[in-house]
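Remarks on the structure that follows.
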Amino acid sequence: PVGGDHLTLTGRPSGWVSFVASWAAQAYVIGGRPDDHLRLTRIGYERGDPWLGARCGVAWVLGNLGRLDEAEEYAEGLIEAAEATEIPWSTVFALEAWASARVATNPRGALEARQRALRLAERSHCRLLATIILRELAWLEGLHGDPHAAADHFEDAISMYHRSGNTPNLLATFARLADCFEQRGLFETAATLVGTASDNPATASLVPDLPRAEERLRSALGADRYDELSASGAAMDRGAAVDYARAQLGKLDHTGSSA
């Protein structure tokens, strides 16, 4: 059972302990507790990790938390090790984890890794990983790649998460989209989207930079205007927020600096 600070899996092969621990840890992501996610995933890694799910999970969460030196230790050689398993799921997760660990230091490499990961995930029917990679790839395309591809990927991610009722990942998608608009100087659009995303604990795990984005936008817009726009986003129901986000996607081609 998983509960509180306990994981008990006795009498099972070590590979299954690792696998179950790494997936049980996802509950902590949704609960907004990334440090507990990391702790439980490390338990799986230490018990033996033949399919590399736990090692991938550790690299992914460390990269997402900005603990890049630690993340790179786990990411070094990870893709090659995953390919050696000949398990598509392992390779897909390794590519995503490697990208998470390197996104700040090698954004072009991270973009290419996620492009490859999405192709392999779709070809091998790793649907859960594909939806997560789709959001993160949309974000990187928006920041460092093709804005048209970014818009397409964001549209697909928003549609999938909205249809499935996956609110935590939908809100994280809004937060990633807000980051792309902030980079383009579209601060009012970004602030509204941040407002739609900030009312769920999972967003803190999936997009840990969100509080810093709120500070930057408040500085750019002024506290009163930022609070007004953020509140308008927070007041939207999910359907209205989805409609708003979709209506903004054409702005990803915007390269000016005005709000």
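For clarity, every value in this text was computed on a predicted model and none was experimentally measured. Excluded from the calculations below are hydrogen atoms, water molecules and symmetry mates; all remaining heavy atoms, backbone and side chain alike, are included.
Under a 3.5 Å cut-off, the side chain of S230 and the backbone N or O of Y226 do not form any donor-acceptor pair. In this structure, the side chain of S164 engages the main chain of M160 through a donor-acceptor pair within 3.5 Å. Using modelled atom types, one side-chain atom of D49 and one backbone atom of R55 make a donor-acceptor pair closer than 3.5 Å. Between the side chain of S159 and the backbone N or O of E155 there is at least one donor-acceptor pair closer than 3.5 Å. A donor-acceptor pair is defined here as one N or O able to donate and one able to accept, closer than 3.5 Å; no such pair exists between the side chain of S90 and the backbone of L52.
Between the CD atom in E182 and the CD atom in E214 there is a gap of 11.0 Å [rounded to 0.5 Å]. Atoms CG and CD, from L134 and E122 in turn, are 7.5 Å apart once rounded to the nearest 0.5 Å. Note that CG of D146 is 9.0 Å distant from CD of Q115, once rounded to the nearest 0.5 Å.
Aromatic pair Y74/Y45: centroids less than 6.0 angstrom apart.
Other cluster members for L95: I79, W98, joined by side-chain heavy-atom distances under 4.5 Å among Ile, Leu, Val, Met, Phe, Trp and Tyr.
For the residue pair S100/E136, the side-chain donor-acceptor check at 3.5 Å is not satisfied.
Residues L128 and I30 do not share a hydrophobic cluster, clusters being chains of Ile/Leu/Val/Met/Phe/Trp/Tyr side chains in contact below 4.5 Å. Connection of F93 to L78 is not established within any shared hydrophobic cluster, with ILVMFWY side chains joined at heavy-atom distances below 4.5 Å, either directly or through further cluster members.
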